[in-house]
Structure formats: structure tokens, C-alpha cells
Amino acid sequence: MFNKYGYVRVGAVVPSMKVADVEYNVKMIVKALENCIQKGIQIVSFPELSITGYTCQDLFFNEDLLCASRHAIRELCAWSQNKDIVFIVGSPLSENGKLYNTAVVIQNGKILGIVPKRYLPNRCEFYEARWFSILDEPTTINLCNQEIPFGENLIFSADDYSEIKFGIELCEDLWGIKPQSDELALNGANIIFNLSASPDIVTKSEYRYNLVKMQSAKLMSGYVYASSGVNESSTDLIYSGDAMIFENGQELIRNADYTFDTKIIFADIDCAFLESEKRNNSTYSCTKSTVKCQNIQFRLCNSDNLILSRKYNKYPFIPRENAKKVCNDILNMQSYALAKRLKSTNINKVVIGVSGGLDSTLALIVCKRAMEILNLDKTNIIAVSMPCFGTSSRTYNNAIKLIDAIGATSKIVDIKKTCLQHFKDIGLQDDDTSVAFENAQARERTQVLMDISNMENAIVVGTGDLSELALGYCTYTGDHISGYAVNVDIPKTLVRSLIASVAEDDNKLKDILFDILDTPISPELLPTNDGEIVQKTEEIIGDYSINDFILYHFLRRKSGVSKIAMLLSQTFDMPEDKAKVAVNAFMRRFFNNQF
């Protein structure tokens with residue numbers, strides 16, 4: 001099931017090592033690989049020149065060291081017999097009188113391919129061009145009695161899982177103006193492994209991190225980076241031991257700790273998601289590769305017993321990093337969009353229905369900010385409260401308080417009599433609280449707002465949010481109609497977060513906003529019980545946090561129904577059958593209400 005959903009478990013190892021002590025380094029590599037197998041890692045990378053160490057300098061010319069390196073590769077091939085883990089080690093390789101800095105890919109007794117380094121840094125602390133050569137063109141070489149593809153443009157593809165493909169670059173290959181990973185990604189690689197030996201200097205760690213992050217985002221790929229650790233430091237340099245794994249620009253895990261011991265990190269990359277990102281990106285699809293890559297098949301480790309190790313955010317629409325700034329940015333986007341609409345139409349007033357609920361509260365805050373942007377008086381906001389059969393005293397009072405606190409023009413239009421007359425006209429019985437009873441109120445409210453907007457030469461600001469639209473939990477020709485809907489891209493969980501962000505900074509609105517946040521979500525279309533809300537939305541359509549989680553993975557990550565159910569079950573610690581019911585209910589509502 002793990003690989004069926006497009007996941008692959010990848011790892012990066014920073015091994016304990018000794019410079020030029022090949023025998024010791026192989027022992028440490030094998031020990032780390034055994035640990036990786038226990039963790040269920042399917043593909044793992046070691047740092048650049050991990051068999052010998054990166055800082056051997058002129059010892060790279062030494063015959064004993066080069067012979068020991070070849071013997072080490074044989075030894076690792078022999079160890080890997082009957083083991084499906086794919087591992088990538090760094091080794092110097094002498095071929096046809098030239099020395100190459102290479103990445104060797106091994107699985108189950110075979111060398112799948114060897115990738116040489118393209119860019120050889122020869123500045124400041126780097127002297128690689130002194131020892132190594134650049135491969136002129138792809139070829140095949142004989143090593144360990146095997147004919148092995150040898151070239152930069154190798155892509156390794158998992159049998160039976162078309163989306164699980166990886167390519168390799170070595171350290172400076174990423175830092176160059178035209179990284180090799182660009183071409184690898186254009187030829188189908190969804191994961192890039194980088195074998196690196198990056199010495200640390202002040203501020204370099206952050207630069208390196210951002211470089212890997214942005215390459216992962218640009219390529220819409222997974223990126224696995226493994227750099228040599230402090231054991232490498234045989235000269236006046238200190239090596240970082242930096243290891244990190246990204247997915248489409250999102251950090252999954254990182255190790256940046258100095259340690260003499262072996263460090264292993266791993267994460268589950270969603271290659272199906274990465275593949276869908278590329279399919280949906282026209283820039284990617286129209287960008288042509290300038291090279292031809294060779295495809296090499298391998299068999300992926302059995303994953304029947306693997307349980308997803310990564311934890312997904314329960315609230316994927318809510319910012320976790322720089323939350324305050326992101327919330328303010330979102331409010332600015334909403335407010336400036338509305339301000340631009342008013343400017344373009346040469347209209348200075350807005351009409352908005354204010355119920356005392358979450359959506360109209362956020363929309364009213366956006367109207368307030370739009371007026372401030374345009375230097376217009378807040379009285380240009382005509383805030384209309386339209387109490388009816390289901391309006392509770394709590395929401396009504398909060399609506400009036402909020403309107404007054406913002407300084408908007410308050411209008412109260414009680415629609416009970418109008419609705420009762422309408423029911424009489426169409427023959428709806430007084431005790432029939434069916435969908436017609438509910439929708440008639442929503443449509444009457446919209447008519448009131450539209451008519452006031454005509455009277456005032458104003459634009460009606462819609463308040464409905466993305467979650468309601470996705471679930472069809474709104475009234476056709478009712479609350480889904482407006483002149484400009486400011487919440488249409490904001491899911492319910494984010495609506496709450498944005499209001500909370502405003503409440504924390506605005507002492508004048510604080511108490512009102514927090515009470516609105518504490519009020520049960522309700523359309524308030526069914527009669528109250530002694531003034532209290534009886535119709536609670538989440539009792540009807542389910543928890544909004546669950547619906548928004550499904551919405552995110554369905555729309556944003558393009559995941560299938562069974563995969564979303566699996567993620568929902570794991571993320572919310574929910575029985576699988578219950579998760580499937582929730583996902584199916586969402587899908588039924590989503591597709592039934594598209595029209």
C-alpha cells in the first residue's frame with residue numbers, strides 16, 4: 001500500500017569515517033546500511049567520496065588508495081547480495097588514465113550505474129581539478145565483472161512504480177549555473193540525490209539550506225542531500241555533516257548537528273504528488289530538455305510492512321511558520337482586491353450582511369481595511385443585520401456590537417414577516433421547516449442586500465467561504481450570490497485563524513471576536529430553542545477541520561479517495577472505516593453540488 005500510493009522511503013547518511021582508511025569506512029557504511037534496512041529505508045545516499053573521504057588531497061593519486069576503493073566497491077556489492085535496498089556511495093574511480101569523482105549506485109549484488117561529477121570546483125579551499133577529470137561523454141565501463149552505464153545523465157526507475165524515479169548530482173553540480181538536476185528532472189526524475197562534501201563557514205549553512213530548498217521547489221522534486229561530517233576535517237576546514245530531505249520546497253527532515261558518530265535521517269517522499277505537480281504545471285510541460293538520459297530499472301524494496309513515517313498537518317490551510325505575517329498578508333490580499341474592485345467601478349460604498357458568525361465577521365474586517373486603504377469613511381460600509389426565526393440573541397448582539405465597534409452604518413431589517421408572507425404565497429405550511437423554509441430566508445436576505453445596494457449605489461460583498469462552496473453548504477441564488485465575494489478562496493479553518501489573528505492585535509474588537517470564535521457554527525435557519533442555536537453545521541456536514549483536510553489533499557495535492565482516507569486515518573488517529581465514510585461523504589457533497 002505504501003508504494004501503491006506513490007511513497008518511497010529515502011535516507012541520507014553522514015557516517016563516522018576516517019580519511020583514507022577505506023577498510024574502516026566500508027565497515028561504517030555497512031553498519032549504517034544495516035540500520036537503514038531496519039528503518040525500512042528503500043533508497044539511501046552517503047556523502048561525496050564516502051569510501052575514501054573527501055580530503056585525501058594528493059593521496060587520490062596513490063595506487064594503494066585507488067585499488068582499495070575498487071576493492072571496497074566489490075565488497076559492498078558482495079554484501080548487498082539478496083538485499084533490495086538501493087544505496088549510493090561516493091568513490092574515486094580511475095578509468096582510461098583519468099580519475100573521476102563518482103557516485104556508485106548498488107543493489108542486490110549489482111552496480112546499477114556510476115555517475116561522475118560534472119563541475120569540479122577549483123577556487124578558494126577547493127582543488128578538485130588538480131585530481132579529477134570531467135567525463136567527455138557517457139560510456140560503459142567494466143567493474144566487478146559487470147558492464148556498467150557510466151555518465152551524468154542516468155535516471156533510475158522503479159519497476160511497477162512509474163512515478164518513483166531518481167537522478168544523482170554531486171555537490172558543486174547543484175551550485176553551478178546550470179545544475180545537472182535541471183535536466184534530470186525534465187527527463188522524469190522525481191527525486192534528486194546529492195552526494196556532497198561541504199565545509200562550513202559563517203552563513204554558509206543557511207545559504208546551502210536555501211539552495212537545496214529552492215532547487216526542490218523549482219524542480220517540483222524530492223531532494224536528498226548528504227554532506228560529509230566533522231570526521232572529514234583533516235585540514236584547516238570543518239565539514240558540516242549537513243543532511244536534509246525536501247519535497248517540492250518543503251523540508252521533511254534535516255540534521256545540521258556536529259557529531260563524530262554516524263547520523264541517519266529518512267523521510268517518505270510522495271512521488272505521486274510530485275508527478276501530479278508537474279502534470280499541472282504548464283511551464284514544466286513546455287520546457288524541453290537538451291540532453292538524452294539513459295533509463296535504468298531497479299526493483300524497489302518490499303514495503304508491505306511500512307507505515308507512513310511522516311506526519312501531515314491537521315490544519316494544512318493554516319500557516320505554521322511566520323503565522324502572524326502570513327495571516328496579515330492574506331488579509332491584505334483580500335482587502336486590496338476589494339479596494340481595487342471599488343476603485344475600478346468608481347463605487348465608494350459596500351453592503352454586507354452581518355450575522356455574528358465567522359464568515360461575515362471576516363468579510364466585515366476586510367471591508368474595514370479596504371476603506372482604510374482608500375481613505376474612505378467606515379460609514380461607507382452599510383452593515384445589514386437581518387434577524388429571522390433562527391437568529392440567536394448571542395449572534396445578533398455580537399453582530400450589532402461588531403458593526404458599532406468598526407464604525408459602519410448599521411441597518412436592521414427583520415425578515416420574519418416577509419418570509420411568512422412568502423410561505424403563505426407559495427403554500428408552505430407554517431410548521432414545515434424543510435429545505436424550502438431554510439432557503440427562502442437565505443434568498444430573502446440576498447434580495448434585501450441587492451436592493452439596498454441599488455439604493456445606495458454600492459456593491460454587495462459576499463461572505464461565503466471556500467469550505468461551504470466545496471461542500472455545497474450554501475443557498476443557490478442566495479448567499480452564494482454577491483457583487484464581490486472576499487472569502488471565496490478562504491477555507492473555514494483559515495477563516496477562524498484570520499479572525500483570531502486580528503483579535504490578538506485589536507483591543508477594541510478583541511472581546512467581540514473571541515466570543516464569535518467561541519460560538520457554534522450555524523446558518524441559523526431553523527427556529528431557536530429559547531433564543532439558543534439548535535442548528536449546528538458540524539453536526540450536519542462533519543467537523544470542518546476534517547473536511548478542510550480532505551479538501552486540501554483532494555484539490556491541492558490531487559490525491560485519490562483511498563489515499564486521502566489513509567492520510568485522514570493516520571493524521572486524526574481515526575479508524576480506517578470511519579475515515580472512508582468521511583471522505584466518501586465529502587466527495588458525494590462535492591460532486592453533487594457542482595452545479
Side-chain angles (χ1 to χ4, degrees), residues 5-8 152-158 161-169 173-174 176-194 210-224 245-252 269-295 312-313 316-317 319 326 329-330 332-334 336-337 340-341 344 466-467 469-470 485 487-491 494 548-561 563-564 567 587 590-591 594-595:
Y5 291 131
Y7 289 100
V8 60
E152 300 167 0
N153 304 320
L154 304 183
I155 290 182
F156 302 85
S157 304
Y161 302 103
S162 60
E163 66 271 20
I164 300 176
K165 298 179 181 178
F166 72 87
I168 297 167
E169 59 186 0
D173 294 348
L174 168 63
I177 293 173
K178 296 176 73 175
Q180 179 61 8
S181 49
D182 289 4
E183 297 294 345
L184 294 169
L186 286 171
N187 279 275
N190 283 322
I191 305 174
I192 306 297
F193 287 88
N194 187 310
N210 287 330
L211 187 65
V212 174
K213 177 179 180 177
M214 290 312 298
Q215 188 69 353
S216 168
K218 183 182 82 170
L219 300 181
M220 293 169 282
S221 74
Y223 204 103
V224 183
I245 301 174
F246 280 86
E247 179 189 275
N248 196 31
Q250 176 192 352
E251 179 196 324
L252 299 184
I269 290 179
D270 187 348
C271 289
F273 162 64
L274 297 172
E275 192 83 350
S276 75
E277 285 292 278
K278 292 176 181 178
R279 281 196 301 268
N280 284 278
N281 189 296
S282 59
T283 302
Y284 175 85
S285 62
C286 71
T287 304
K288 306 301 180 186
S289 171
T290 58
V291 302
K292 185 177 180 181
C293 287
Q294 181 178 353
N295 196 59
Y312 282 91
N313 184 4
F317 289 111
V326 175
D329 288 346
I330 293 169
N332 275 336
M333 284 188 266
Q334 289 179 278
Y336 272 93
K340 169 60 178 170
R341 177 54 60 95
S344 297
L466 178 62
S467 304
L469 290 169
N487 292 338
V488 72
D489 290 326
I490 313 293
L494 182 56
D548 280 0
F549 182 90
I550 298 168
L551 177 65
Y552 176 85
H553 285 274
F554 178 57
L555 286 186
R556 177 65 187 86
R557 294 183 71 93
K558 311 293 188 298
S559 298
V561 170
K563 184 174 181 178
I564 296 171
L567 294 174
M587 295 301 169
F590 182 88
F591 286 104
Q594 289 307 292
F595 306 102

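Everything numeric in this text was worked out from a predicted model, so none of it was measured. All heavy atoms count here, side chains included; hydrogens, waters and symmetry mates do not.
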Between CG on residue Leu555 and CG on residue Leu466, distance to nearest 0.5 Å: 7.0 Å
pair Leu184-Cys293: side-chain heavy atoms closer than 4.5 Å: yes
Ring geometry between Phe590 and Phe554 (parallel below 30°, tilted from 30 to 60°, perpendicular above 60°): perpendicular
Taking every non-hydrogen atom, the tightest pair across Ile269 and Gly222: CD1-CA, 3.9 Å
N-O pairing of Lys178 and Glu152 below 4.0 Å: no
Pairwise distance OG(Ser181) to CG(Asp173) - rounded to 0.5 angstrom: 8.5 Å
Considering all heavy atoms, the nearest Ile191-Val224 contact: CG2-CG2, 4.0 Å
Working for side-chain contact (heavy atoms from CB on, under 4.5 Å), residues Gln215 and Val212: CA-CA 5 Å; Gln215 188 69 353; Val212 174; 5.9 Å; no
Residue pair Gln180, Ile192: steps toward the side-chain contact (heavy atoms from CB on, under 4.5 Å) verdict: CA-CA 10 Å; Gln180 179 61 8; Ile192 306 297; over 6 Å; no
Ser216 side, atom OG; Asn248 side, atom CG - distance, nearest 0.5 Å: 6.0 Å
Evaluation steps, side-chain contact (heavy atoms from CB on, under 4.5 Å), between Lys563 and Asp270: CA-CA 11 Å; Lys563 184 174 181 178; Asp270 187 348; 2.7 Å; yes
Atom pair NZ (Lys165) and CG (Asn295), whose distance is rounded to the nearest 0.5 Å: 6.0 Å
Which atom of Gly188 lies closest to which atom of Tyr284, heavy atoms considered: N-OH, 4.2 Å
Cationic N near anionic O, under 4.0 Å, Glu277 to Arg556: yes
Option among Phe317, Tyr312, Phe273 that satisfies the ring-ring contact (aromatic ring centres under 6.0 Å, His included) test with His553: Tyr312
Glu183 side-chain N/O to Ser289 backbone N/O, donor-acceptor pair under 3.5 Å: no
CE/Met587: more than 12 non-hydrogen atoms of other groups inside 6.0 Å: yes
Nearest atoms (heavy-atom pairs only) where Ala189 meets Ile155: N-CD1, 4.1 Å
Least distance between heavy atoms, Ser221 atom then Leu274 atom: C-CD1, 3.8 Å
Partner of Met220 by side chain to side chain contact (heavy atoms under 4.5 Å, CB included), out of Asn281, Thr283, Asn190, Asn280: Asn281
Stepwise side-chain contact (heavy atoms from CB on, under 4.5 Å) test for Asn153 and Lys292: CA-CA 7 Å; Asn153 304 320; Lys292 185 177 180 181; over 6 Å; no
Side-chain donor-acceptor pair present, Asn487, Gln334, cut-off under 3.5 Å: yes
Reported CG-to-CG distance for the pair Leu186 and Leu219, which is rounded to 0.5 angstrom: 7.5 Å
Minimum heavy-atom distance between Ile564 and Ser559, given as atom pair plus value: CD1-O, 3.5 Å
Verdict with reasoning, Tyr223 to Phe246, per ring pair (Phe, Tyr, Trp, His ring centres under 6.0 Å): CA-CA 5 Å; Tyr223 204 103; Phe246 280 86; 8.2 Å; no
Rounded distance (nearest 0.5 Å) linking atom CG of Leu469 with atom CD1 of Ile490: 11.5 Å
